[in-house]
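This report refers to the structure that appears directly beneath it.
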Amino acid sequence: MFYDFKKIEEKWQKIWQDTCAFRAQADPGRRKYYLLEMFPYPSGKIHMGHVRNYTIGDVASRFKLLQGYNVMHPMGFDAFGQPAENAAIKNKTKPDVWTYKCIKEMETELKRMGFSYDWDREISTCDSSYYKWNQWIFLKMLERGLAYKRASGVNWCPSCQTTLANEEVVDGGCWRCHTKVEQKDLEQWYLKITDYKERLLEDLGKLKQWPERVLAMQNNWIGKSAGVDIYFRLKGRDEVVPVFTTRVDTIFGATYIVLAPEHPLVKELIKGKPEEKEALRFIEKVSKESKVVRTAGDVKKEGVFTGAFAVNPVNNEDIPVWVADYVLMEYGTGAIMAVPTHDQRDFLFAKEHKLPMRLVISPKGCGMRVEEMSEAYEGEGVQVNSAEFNGLTNLEAKEKIAVWMEKKGTGKIQTHWRLRDWLISRQRFWGTPIPVIYCPKCGIVPVPYEELPVELPKDAPFTGDGGSPLGKVKEFVQVKCPRCSGEARRETDTMATFFDSSWYFLRFCSPAYGDSAFDVQEAKYWMRVDQYIGGIEHAILHLLYSRFFTKFFQDLKMVDFDEPFEKLLTQGMVLKDGEVMSKSRGNIVDPDSMIKEYGADALRLFILFAAPPETELEWDRKGLEGAFRFLNRVWRIQENLKEKADRSLVKTMHKTVKKVSEDFNDFKFNTAIASLMEFTNAIYQSGADRDVFSKLITMLSPIVPHFAEELWQTLGNKESIFKSSWPGYDPELLIEENIELVIQVNGKVRSKLKVSRNIPEAELKELALKDEKLGPWLGGKSPRKVIVVPQKLVNIVV
RNA sequence: GGGCAAGUGGUGGAAUGGCAUACACGACAGACUUAAAAUCUGUUGGCCGCAAGGUCGUAAGGGUUCGACUCCCUUCUUGCCCACCA
């Protein structure tokens with residue numbers, strides 16, 4: 001009654017595996033297509049998000065295969081990370097044992113979906129054969145000054161004795177034990193991604209086939225901001241405080257300046273002043289707050305007076321210097337000029353502390369008065385109280401004041417960036433060991449290339465009582481200095497896992513290559529990735545880091561392109577009852593159980609049909625049943641094949657081939673499937689022959705590969721359907737001799753007309769005007785205008 | 001606060017200036033059946049009408065156009081990203 005999906009799917013999965021059906025080999029004579037989906041973290045089970053991501057990729061991959069491309073479609077595992085350590089502690093096992101077990105399980109589940117991966121290229125980032133090259137890349141960066149070490153504030157849980165990522169700080173406490181998180185200075189390794197900021201920003205313009213949204217997010221993240229650094233002289237001292245502003249037009253309204261609590265000058269300024277005690281107490285308090293707390297939501301802006309004064313360089317006014325928590329050391333110069341009338345934060349702060357205000361930009365056509373302001377005016381207007389610049393629009397003034405100040409040496413036109421260097425140190429075990437050694441005599445010494453990989457010890461203790469397990473393995477930590485052979489200490493920090501995924505797409509080109517991170521020749525053939533598919537959650541970090549690494553390899557002359565991913569698709573999330581599927585919500589639908597019930601093909605079909613790839617997808621069991629029903633409906637066609645199909649059905653077939661080909665190219669799988677369903681309905685009306693049926697199956701094959709292979713074989717074909725080719729269509733057959741036109745009166749459809757395709761315009765007009773159905777609408781009046789859109793409609797305007 | 005995306009039947013969605021609601025889900029009806037399931041065939045936006053047909057209708061309001069779900073302006077709502085960024 002139903003087709004036996006279980007038997008069929010197992011059969012073809014075995015055949016594909018035994019024949020290495022999707023093995024890819026570089027072949028300069030053929031057009032290549034590199035299709036990549038973001039590789040998963042091996043949790044052991046696939047979820048609907050994976051199913052969606054990888055199904056979209058698989059359809060595209062098989063479609064390209066049928067079109068004759070040399071397709072590379074690899075898969076691997078992003079296998080380092082904290083869950084393995086947690087599991088090791090919880091289950092008294094080892095991270096590697098746990099991870100490899102999960103990888104095995106996950107492979108099985110992926111294979112059960114029938115994905116067309118070249119499993120010969122499989123990589124796991126936790127293999128030393130992979131992370132060896134992480135270390136190699138790190139050393140190359142170290143040589144070029146792109147990797148460096150410096151002290152920086154981190155979130156520190158004093159109870160767990162570990163650093164926490166920002167996401168691990170919940171309401172100011174540790175996510176695990178709720179202890180109050182502190183700021184602590186630790187020596188950390190950084191990558192100097194900021195050296196690449198201009199290229200990373202500029203090259204976004206080359207990514208024509210990336211979603212606007214992702215480009216906007218990256219642009220935002222890099223955060224280039226143009227303005228002026230203004231130099232404020234300190235009253236009675238030699239130092240000058242530079243502040244950054246994007247609103248130099250408001251400089252005449254700057255009535256005080258504010259330093260960040262961490263600003264190096266603060267402690268000097270308050271020394272010996274009556275305000276010293278209170279100021280120190282304030283700085284102390286702020287320094288203890290974690291970043292997350294300090295930058296959270298609508299906290300009240302707090303601050304204290306330093307007792308010092310600065311001089312506003314444009315009018316020589318003495319203005320007070322304050323310290324406040326709303327100024328951040330990490331951005332700009334760590335100091336701001338405050339213009340309460342034209343900046344809302346400054347406005348609130350000035351009201352609170354009764355600081356002076358002066359209006360310098362007046363909105364056009366209305367006199368604004370400082371005493372009456374209830375909020376800052378941040379809009380455009382005309383300069384007032386601005387000496388020789390009065391009367392200019394603020395936009396004109398912005399440029400003129402900047403130039404004027406630069407000439408006088410009181411300011412400098414300046415650009416600031418939001419992008420920070422990338423902190424890669426993690427005080428964790430399950431990651432790539434950073435390949436350096438600390439020698440009391442020689443300092444930081446890189447591990448020599450020939451000693452790579454620095455492997456993770458097999459028997460580190462996982463006790464769960466904090467601190468890095470690596471630090472507890474004596475044989476790992478105690479080493480001889482490679483330079484002086486004296487006693488030295490090995491780095492125990494490991495790399496952030498984003499490092500691993502920043503170049504894996506290059507490793508896939510030559511996964512077993514032993515001389516370097518990747519084979520330059522192979523990469524030259526396969527790269528760039530023609531189509532990359534993954535979740536929007538990686539829109540910023542992963543994609544930015546991958547772009548950064550690619551540019552680094554370009555500088556090493558290992559690649560000759562500057563962007564790794566030609567085309568990007570970010571697939572939407574899978575929801576249930578309007579909410580993201582998650583363990584905590586308890587609304588997870590397990591793909592494996594759906595495969596058991598309806599088969600992988602039905603699941604693939606449903607997930608592609610239910611929504612366009614980029615939008616959210618609402619899980620619908622009834623919809624899955626519907627997909628399964630459709631497959632059975634197609635299955636039954638083979639029982640009633642005719643000798644020769646009707647001409648009209650053949651025409652429908654050609655139309656369908658055109659539509660489906662176009663939709664597949666544009667990743668519009670939902671409408672492609674709709675067309676295939678319409679085509680199937682038409683077959684039920686008039687009956688298919690072998691040729692029509694074969695074409696239907698071929699068009700379905702990227703979506704439901706096992707199902708298609710089986711029917712293809714039943715039709716007597718000896719080779720796999722994926723060795724055949726995508727059907728073409730005859731444009732001649734798409735042309736209809738007689739077409740139906742819409743006749744409108746004043747833009748409303750009032751009648752329809754069947755006419756020959758090539759009817760002359762004049763004749764058509766006449767015919768339309770004579771249409772008796774239009775009588776009541778025309779009311780005997782003569783038309784004012786008649787619009788004819790060839791082969792579409794006639795609109796009569798009265 | 002800034003940026004981006006979206007808002008269409010009972011539901012998922014289709015149509016990107018030219019017949020709004022393709023395709024599917026659900027619902028209802030008919031055929032087959034002792035019966036059910038499965039299958040096949042229909043109907044299915046609201047209102048008025050026995051009907052033919054009319055009329056309203058794509059978040060709300062306005063505009064451009066012979067013609068607007070589609071383009072422009074204003075407002076509202078939802079989602080995502082960034083955010084004391086100076």
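Quick note on labels: first sequence line is chain A, next is B, and so on, each numbered from 1. Here the structure is a predicted model, which is why all the values come from computation and not from measurement.
In this structure, A/V789 reaches the bases: a heavy-atom distance under 4.0 Å links it to at least one base atom across the strands shown. When heavy atoms are screened at a 4.0 angstrom cut-off, A/G626 is found touching the sugar-phosphate backbone but no base atom. At the heavy-atom level, A/D343 lies nowhere under 4.0 Å from the strands shown. Counting non-hydrogen atoms under 4.0 angstrom, A/E616 reaches the backbone sugars and phosphates but no base. Within 4.0 Å (heavy atoms only), A/N670 reaches sugar-phosphate atoms of the nucleic acid but no base atom. Nucleic acid contact for A/R621: none, since no nucleic acid atom lies under 4.0 Å from a heavy atom of the residue.
Comparing B/C23, B/C82, B/A15 by their closest approach to the side chain of A/E678 singles out B/C23. Distance from the side chain of A/L328 is smallest for B/C85 among the nucleotides B/C82, B/C85, B/C19. Which of B/G13, B/C25, B/A86 sits closest to the side chain of A/K622 comes down to B/C25. Considering only the side chain of A/A674, B/C23 comes nearest among B/C23, B/G13, B/G67. Checking B/G3, B/C81, B/C84 against every side-chain atom of A/M217, the shortest atom distance belongs to B/C81. Comparing B/A15, B/A24, B/A86 by their closest approach to the side chain of A/K668 singles out B/A15. Of the listed nucleotides (B/A86, B/C66, B/C19), B/C19 has the atom at the smallest distance from the side chain of A/V749. Here the side chain of A/F609 is nearest to one of B/G12, B/C81, B/A14, namely B/G12.
Here B/G79 presents its C1' atom at 9 Å from CE of A/M573, a figure rounded to the nearest Å. Spacing between atom CG of A/L215 and atom C1' of B/A5 amounts to 14 Å, rounded to whole angstrom units. If you measure from atom CH2 of A/W322 to atom C1' of B/C84, you get 17 Å, rounded to the nearest angstrom. Rounded to an integer number of Å, the gap from A/L793 CG to B/C66 P is 14 Å. One atom, CD1 of A/I536, and another, P of B/G3, lie 18 Å apart when rounded to the nearest Å. The CZ-C1' distance, from A/F606 to B/C25, rounds to 10 Å in whole Å. As a whole-Å value, the separation of A/E618 CD from B/A6 P is 20 Å. Residue A/L605 contributes atom CG, which lies 11 Å from atom P of B/C25 at whole-angstrom precision.
Using cut-offs of 30° and 60° for the angle between ring planes, the A/Y377 and A/H342 rings count as perpendicular. Between A/F628 and A/Y3, the two ring planes are tilted [angle within 30° to 60°]. A/F305 and A/W322 have tilted rings, their planes meeting at an angle from 30° to 60° on a 0 to 90° scale.
The phosphate of B/C56 (OP1 or OP2) has a side-chain N or O of A/K748 nearer than 4.0 angstrom. Phosphate proximity of B/G1 to A/R345: absent, as no side-chain N or O sits under 4.0 Å from OP1 or OP2. Between A/R418 and the phosphate of B/A83, there is a side-chain N or O to OP1/OP2 separation shorter than 4.0 Å.
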Close N/O contacts between protein and nucleotides 39-42 of chain B (under 3.5 Å):
unit_1: B/U39; atom_1: O3'; unit_2: A/R636; atom_2: NH2; d: 3.1
unit_1: B/C40; atom_1: OP1; unit_2: A/R633; atom_2: NH1; d: 2.7
unit_1: B/C40; atom_1: OP1; unit_2: A/R636; atom_2: NH2; d: 3.3

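For the P atom pair drawn from B/C48 and B/A37, the interatomic distance equals 34 Å after rounding to whole Å. For the C1' atom pair drawn from B/G2 and B/G10, the interatomic distance equals 38 Å after rounding to whole Å. Here the separation of B/A22 from B/G45, taken at their P atoms, is 8 Å to the nearest Å. For the P atoms, the distance linking B/G79 with B/G13 amounts to 16 Å, nearest Å. Rounded to whole Å, the separation between the P atoms of B/A52 and B/G57 comes to 22 Å. Comparing B/C80 with B/A20, their C1' atoms sit 29 Å apart, to the nearest whole Å. With C1' as the reference atom, B/C69 and B/A59 are 12 Å apart, rounded to whole Å. Across B/U70 and B/U8, the matching C1' atoms stand 12 Å from one another, rounded to whole Å.
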A/D343 and A/R345: CA distance, side-chain angles, deciding distance, salt bridge (charged side-chain N to carboxylate O under 4.0 Å, His left out) verdict: CA-CA 6 Å; A/D343 182 285; A/R345 288 157 305 173; 2.7 Å; yes
- prompt: Yes or no on side chain to side chain contact (heavy atoms under 4.5 Å, CB included) for A/E766 and A/V786, after CA distance, side-chain angles and deciding distance?
  reply: CA-CA 10 Å; A/E766 202 178 318; A/V786 180; over 6 Å; no
- request: I would like to know whether A/M357 and A/F347 meet side chain to side chain contact (heavy atoms under 4.5 Å, CB included); could you show each step before the answer?
  value: CA-CA 8 Å; A/M357 300 188 183; A/F347 183 86; 3.9 Å; yes
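If you find the closest nucleotide of RNA chain B to A/K792 and to A/A216, the one lying nearer the 5' end belongs to A/A216. Of the two residues contacting RNA chain B, namely A/N795 and A/D346, the nearest-nucleotide position lying further toward the 5' end is that of A/N795.
A donor-acceptor contact under 3.5 angstrom links the side-chain atoms of A/K752 to the base of B/C19. For A/N220 against B/C82, a side-chain-to-base donor-acceptor contact under 3.5 Å is absent. A donor-acceptor contact under 3.5 Å is formed by the side chain of A/Q744 with the base of B/G18.
Its glycosidic angle being within 90° of 0, B/G9 falls on the syn side.
The one candidate from A/D249, A/T245, A/T250 that meets the side chain to side chain donor-acceptor pair (under 3.5 Å) condition with A/R247 is A/D249.
Under the 4.0 Å criterion applied to side-chain N and carboxylate O atoms, A/E597 and A/R621 are assigned as salt-bridge partners. Ion pairing between A/E317 and A/R358 holds under the 4.0 Å rule for side-chain N and carboxylate O.
When the shell of 6.0 Å around CZ of A/R750 is examined, it contains more than 12 heavy atoms from other residues, nucleotides or ligands. Within a 6.0 Å radius of NZ in A/K658, other residues, nucleotides and ligands contribute 12 heavy atoms or fewer. Residue A/E202 qualifies as open at atom CD: its count of foreign heavy atoms under 6.0 Å is 12 or below. Other residues, nucleotides and ligands contribute more than 12 heavy atoms inside 6.0 Å of the CD atom of A/E740.
Stretches of at least 3 consecutive Watson-Crick or G-U wobble pairs, with each checked distance under 3.5 Å, appear in RNA chain B as B:1-7 with B:76-82, B:10-12 with B:23-25, B:26-31 with B:39-44, B:45-48 with B:53-56, B:59-63 with B:71-75.
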